[in-house]
Amino acid sequence: MSNLVASAARARVAVGRTLKPRCFSSSLRRLDDNAPKPPPPIDDSTSALDYKRTLRHRPPPLPAMDLPRSRSAEEAVTNILYNTPPPSLQPFKKHVLNCLVQNEPGVLSRVSGILAGRGFNIDSLVVCRTEIRDLSRMCIVLRGQDGVVEQARRQLEDLVPVWAVLDYTDTHCIERELLLAKVSILGPEYLEEQLLGGPTHEPRRIQSYAQSQAEPEHHSKLEREAALAQQFEHSAQPEPAAPLTPSQALRLKSDNLQAIEVLAAQFGGKIVDVSEHSVIVEMSGKTKRVEAFLSLLKPFGLLESARTGLMVMPRTPIKQIDADEAQEQGGVVDASLLPPG
């Protein structure tokens, strides 16, 4: 009996091996073959966590917030009653943080959320991809005390998608900021009218009460009262600029355009767009230099401006060779290798 059961089992196994799997040839099968495939997997944010674990270095202690000093009676009573220590007297200065983060969604919101939770107001934040596909660089400029900023830097570095956070405050760096400014070439007298002109920045002049009275008398009483109220509203303001003849406008545009071009060349900038009533100037430099350039452009009539924020890159250190070491490296000079004369 056992032999019969064993032979039947072997027969079923043999039949199962010979049978091929059933394939369903349907339209769904063909659609699945043509469906777009997901991109190949890349390193995720846990790689940054593994990298930081392999370093295993203990960070130095936090900088001292304040030197110990004797407190007054008022501060002592306040501390006893409200358990609030006296405020720190460290100066607030500009700090530049350079963050290397994983290129994935949600990193920017997590970084900015930590800084906002500590009460920092971010002056500028520049984010862009690097030459590495999965790595992005953030340049954050903020103002704060050394101890508080160092605590925030370490908290940022503890995030999973963050590889490293560097403080470039006391480092010799190259700082650059890009500026795009739209400047009027008609002069500051027509700036208000150009701002009312919309995207074309064509000057629009307000009709005065005298001009409305010079028109025919078929205007209704409501229109005359509106013109009177408008004239009373603008009575304290200076009179709008007089209309220019075509030759005067052409001469004024040419002079202002030449002056703006010379000014931009002095700051290393250039004019990238010229329109009928305005030009767009591009300039790159340090933050103070950009602010100085903007202050010099305001007398011409500044219509719009856009700035990218500060970007930094540390300088490469240069090895300095002493005179004695250079003399030892040089040795005796062969006279046959010197040029004639």
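In this chain, residues are counted from 1 in sequence order.
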Candidate pair Asn121 and Arg143, rule side chain to side chain contact (heavy atoms under 4.5 Å, CB included), full reasoning = CA-CA 7 Å; Asn121 183 24; Arg143 296 184 62 85; over 6 Å; no
Where do Arg110 and Leu159 land on the side chain to side chain contact (heavy atoms under 4.5 Å, CB included) test, with the steps shown first?
-> CA-CA 8 Å; Arg110 296 180 66 179; Leu159 292 177; 3.7 Å; yes
For side chain to side chain contact (heavy atoms under 4.5 Å, CB included), just list the numbers for Arg133 and Asn103, CA-CA rounded to whole Å, side-chain angles, deciding distance to a tenth of an Å, and then say yes or no.
-> CA-CA 8 Å; Arg133 182 185 61 173; Asn103 186 14; 5.8 Å; no
Before giving the answer on side chain to side chain contact (heavy atoms under 4.5 Å, CB included), spell out for Val162 and Leu100 the whole-Å C-alpha distance, their side-chain angles and the decisive distance to 0.1 Å.
-> CA-CA 6 Å; Val162 177; Leu100 299 175; over 6 Å; no
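The line from CG of Leu303 to NE2 of His277 is 11.0 Å long, rounded to the nearest 0.5 Å. Considering CG of Leu296 and CG of Leu302, their distance stands at 11.5 Å, rounded to 0.5 Å. From Leu294, atom CG reaches atom OG of Ser305 across 5.5 Å, with rounding to the nearest 0.5 Å. Atom CG of Leu186 is separated from atom CZ of Phe300 by 13.0 Å, given to the nearest 0.5 angstrom. Between atom CD of residue Gln194 and atom CG of residue Leu196 there is a gap of 10.5 Å, rounded to the nearest 0.5 Å. To the nearest 0.5 Å, the span separating NZ on Lys286 from CD1 on Ile174 amounts to 7.0 Å.
Looking at heavy atoms from C-beta onward, Lys93 lies in side-chain contact with Asp146 at the 4.5 angstrom threshold. Under the 4.5 Å side-chain criterion, counting only non-hydrogen atoms from C-beta, Ile140 is in contact with Ile122. The closest side-chain heavy-atom distance from His201 to Lys182 is below 4.5 Å. Looking at heavy atoms from C-beta onward, Asn98 lies in side-chain contact with Arg137 at the 4.5 angstrom threshold. By the 4.5 Å heavy-atom criterion applied to side chains, Arg176 and Met313 are not counted as neighbours. In this structure, Ile260 and Val279 have side chains that are in contact, with non-hydrogen atoms separated by less than 4.5 Å. Side-chain contact between Leu263 and Phe293: present, with at least one pair of heavy atoms (C-beta onward) separated by less than 4.5 Å.
Residues satisfying the side-chain contact (heavy atoms from CB on, under 4.5 Å) test with Leu108, not counting sequence neighbours, are Leu125, Val127, Met138. A search for side-chain contact (heavy atoms from CB on, under 4.5 Å) contacts involving Arg118 returns Phe120, Gln151, Ala152, Gln155, not counting sequence neighbours. Residues forming a side-chain contact (heavy atoms from CB on, under 4.5 Å) with Ile132 (at least two apart in sequence, or on another chain): Thr130, Leu135.
Applying the side-chain hydrogen bond (donor to acceptor under 3.5 Å, both in side chains) rule to pairs touching residues 249-267 yields nothing, sequence neighbours excluded. Among residues at least two apart or in separate chains, there is no salt bridge (Lys or Arg N to Asp or Glu O under 4.0 Å) pair with a member in residues 269-280. Evaluation of the side-chain hydrogen bond (donor to acceptor under 3.5 Å, both in side chains) test over residues 158-167, restricted to residues two or more places apart or in two chains, returns Gln102-Trp163, Asp167-Thr169.
Criterion: ILVMFWY side-chain heavy atoms under 4.5 Å apart, direct or through other members. Under it, Val281 and Val272 are not part of a common hydrophobic cluster. At a threshold of 4.5 Å between side-chain heavy atoms, the hydrophobic network of Ile, Leu, Val, Met, Phe, Trp and Tyr places Val96 and Val149 in two separate groups. Clustering ILVMFWY residues whenever any of their side-chain heavy atoms sit less than 4.5 angstrom apart, transitively, puts Leu97 in the very cluster that holds Val111. Cluster membership check: Leu142 shares its hydrophobic cluster with Val107, using side-chain heavy-atom separations under 4.5 Å among Ile, Leu, Val, Met, Phe, Trp and Tyr. Tracing side-chain contacts under 4.5 Å through hydrophobic residues (I, L, V, M, F, W, Y), one never reaches Val183 starting from Ile280; they form parts of separate clusters.
Under the 4.0 Å criterion applied to side-chain N and carboxylate O atoms, Glu150 and Arg153 are assigned as salt-bridge partners. The pair Glu177-Arg307 counts as a salt bridge, with a side-chain nitrogen and a carboxylate oxygen less than 4.0 angstrom apart.
Minimum heavy-atom separation, Ser124 to Leu310: OG-N, 3.5 Å. Contact between Glu104 and Pro161 at its shortest, heavy atoms only, is OE2-CB, 3.5 Å. Taking both residues in full, the closest heavy atoms of Ser295 and Ala292 are given as OG-O, 2.6 Å, listed atom of the first, atom of the second, then distance. Nearest approach of Cys139 to Val312, heavy atoms of both residues: SG-CG2, 3.8 Å. Shown here for Cys173 and Pro314, the closest heavy-atom pair between the two residues is SG-CA, 3.9 Å. Here the closest non-hydrogen pair linking Phe92 and Gly144 is CD2-CA, 3.6 Å.
Looking only at distances, no side-chain donor or acceptor of Ser184 sits under 3.5 Å from a matching main-chain atom of Leu191.
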